[in-house]
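Heads up: the structure comes next, in structure tokens.
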Amino acid sequence: MAETTAFPDSVDQRALDESVTFTSELIRIDTTNRGDGECRERPAAEYVAERLADAGLEPTLLERTPGRTNVVARIPGTDPSADALLVHGHLDVVPAEAADWTVHPFSGEVRDGVVWGRGAIDMKNMDAMVLAVVRAWARTGVRPRRDIVIAYTADEEASADDGSGFLADRHAALFEGCTEGISESGAFTFHAGPDMPLYPIAAGERGTAWLKLTAHGKAGHGSKVNRNNAVSALAAAVARIGEHTWPVRLTPTVRAALTEIAALHGISPDLDAPGFDVDGLLDKLGPAADLVRPTVRNSSNPTMLEAGYKVNVIPGHATAFVDGRMLPGAEDEFHTTLDRLTGPHVDWEFHHREVPLQAPVDSPTFAKLRAAIERFDPDGHVVPYCMSGGTDAKQFSRLGITGYGFSPLKLPVGFDYQALFHGVDERVPVEALHFGVRVLDHYLRTA
């Protein structure tokens with residue numbers, strides 16, 4: 001790419017159009033990840049690699065497992081002394097049942113100014129917007145200040161073992177110099193009330209703690225008394241876990257979120273006051289409380305049960321699975337509490353575990369992310385928040401990369417972004433994509 005000193009406020013119309021086309025075409029490439037290893041991201045990876053190559057980049061395709069393809073490319077910046085920035089998005093999507101949808105989930109149909117299909121929000125929209133920005137830079141000769149590493153990953157919707165985990169563990173050199181990264185689940189419009197559009201930027205994630213519980217007992221006939229019944233022991237443990245109320249633990253990110261959102265409601269809470277009632281405060285914050293409520297505590301939700309093979313046979317063992325999430329700094333408490341809740345007759349282990357994350361909200365990076373949103377929506381209020389779930393930022397944190405959730409979309413009133421995330425009739429407005437391209441272009445050039 002040739003260098004230029006011209007930095008226009010917005011990208012060209014072709015880039016806006018391409019963001020829509022690329023979103024639609026990526027949706028049509030079915031990359032459903034059911035967690036069984038059968039997903040094949042390679043067609044989508046080849047699609048993005050071809051368009052990166054058209055922009056003068058040299059994308060590298062990498063696989064741990066055949067067909068589970070990742071793409072990495074680097075854009076040189078104008079300041080060789082600056083730290084590099086990682087921009088990453090995953091290519092896989094969660095399953096979708098076509099019979100439940102208004103349109104086919106892999107049609108990529110553009111109707112009435114909206115792009116429909118699985119991945120429209122999570123997260124082929126971001127994948128497409130980044131492609132559109134990079135190609136616009138190639139046409140106009142723009143170069144960013146710092147090196148930008150672009151990564152399109154496999155397997156985010158499952159373990160990430162074939163995606164960001166594989167890249168972080170086996171190809172760290174491709175991310176040399178990267179100190180920060182941006183990706184999904186942030187900078188979308190959240191309408192918290194009349195004239196209160198929020199743009200929550202993720203500056204933290206709860207850790208993943210998927211658990212397997214196992215109870216061992218004495219097998220026998222279902223007609224006879226059995227005080228060593230594995231199913232009974234497991235059911236009791238699962239009930240205790242499901243009914244448990246975790247104590248409040250306010251991380252720095254959540255404290256900042258509460259403080260800023262409360263201020264917009266004219267409230268100045270003392271979060272350190274004795275007996276501070278976080279639930280009482282949340283009740284005063286209207287819809288905006290939904291951004292914070294899932295992240296003031298650890299959580300543990302039973303999700304699967306497996307036992308037995310015949311109604312009149314008491315099985316010798318029973319298993320259950322629990323979706324647990326841990327706040328930064330609360331991992332030891334989580335472990336100790338599970339030991340107590342499961343009791344002496346049920347064993348538990350981590351079926352899948354990833355670390356919780358925190359990113360500073362008083363950093364120059366967060367300030368630039370905030371400024372990029374406010375530049376294109378001066379009426380918007382940027383606030384930090386912590387994700388209740390997780391992203392590939394967990395795996396990239398192994399490389400010392402601090403992650404922020406920043407996938408900008410300006411959404412109309414009544415558009416429930418969070419309900420469409422993994423939901424039925426997932427879709428994204430065309431104008432939201434155009435907004436995202438403009439914001440990403442500005443931020444990435446000046447980061």
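Residues Leu369 and Tyr404 have side chains in contact (heavy-atom distance under 4.5 Å, counting atoms from C-beta outward). You'll find the side chain of Pro384 reaches within 4.5 Å of the side chain of Phe366, heavy atoms only. The closest side-chain heavy-atom distance from Arg68 to Glu63 is not below 4.5 Å. Contact check for Pro247 versus Glu333: side-chain heavy atoms found under the 4.5 Å cut-off. Put simply, the side chain of Ile373 reaches to within 4.5 Å of the side chain of Val439, judged on heavy atoms. At a threshold of 4.5 Å between non-hydrogen side-chain atoms, the residues His171 and Asn70 do not count as touching. The closest side-chain heavy-atom distance from Ile75 to Leu57 is below 4.5 Å. The shortest side-chain heavy-atom distance between Thr295 and Ser388 falls under the 4.5 Å cut-off.
Ring geometry for Phe350 against Trp348 counts as perpendicular: the plane angle is over 60°, on a 0 to 90° scale with 30° as the lower cut. Aromatic ring orientation, Phe188 versus Tyr385: perpendicular (interplanar angle above 60°, classes split at 30° and 60°).
The structure places OH of Tyr417 at 9.0 Å from CD of Glu426, a figure rounded to the nearest 0.5 Å.
A donor and an acceptor atom, one from each side chain of Asp155 and Ser159, are located under 3.5 Å apart. Side-chain contact, Glu46 with Thr69: no donor N or O sits under 3.5 Å from an acceptor N or O. Arg255 and Thr259 share no side-chain donor-acceptor pair at under 3.5 Å. In this structure, a donor-acceptor pair under 3.5 Å is present between the side chains of Asp425 and Thr102. With no hydrogens or angles considered, a side-chain donor-acceptor pair links Tyr199 and Asp377 at under 3.5 Å.
Here Asp79 pairs with Ser81, Ala82, Arg145 under the side chain to side chain contact (heavy atoms under 4.5 Å, CB included) rule; sequence neighbours left out. Not a single side chain to side chain contact (heavy atoms under 4.5 Å, CB included) links Glu58 to another residue, sequence neighbours left out. The side chain to side chain contact (heavy atoms under 4.5 Å, CB included) test applied to Ala160 returns Ser164, Asp392, Gln395, not counting sequence neighbours.
Just one residue in the list Arg42, Arg40, Arg64 forms a salt bridge (Lys or Arg N to Asp or Glu O under 4.0 Å) with Asp162, and that residue is Arg64.
Around CZ of Arg111, the count of heavy atoms belonging to other residues, nucleotides or ligands within 6.0 Å exceeds 12. Within 6.0 Å of atom CD in Glu176, 12 or fewer heavy atoms from other residues, nucleotides or ligands are found, so the atom counts as exposed in its surroundings. Atom NE2 of His351 has 12 or fewer heavy atoms from other residues, nucleotides or ligands within 6.0 Å. Around CG of Asp195, the count of heavy atoms belonging to other residues, nucleotides or ligands within 6.0 Å does not exceed 12. By the 6.0 Å contact criterion, CG on Asp112 is open, its count of non-hydrogen atoms from other residues, nucleotides or ligands being 12 or less. Heavy-atom contacts from other residues, nucleotides or ligands closer than 6.0 Å to CG of Asp100 number more than 12.
A cation-pi arrangement is not found for Arg445 relative to Tyr443, the charged atom failing to lie both closer than 6.0 Å to the ring centre and inside a 45° cone about the ring normal. Stacking of Arg438 on the aromatic ring of Phe435 is not recorded, the 6.0 Å distance cut-off and the 45° axial limit not both being met.
You'll find the ring centres of His191 and Phe415 outside the 6.0 Å limit. Taking the ring centroids of His88 and Phe396, they lie under the 6.0 Å cut-off.
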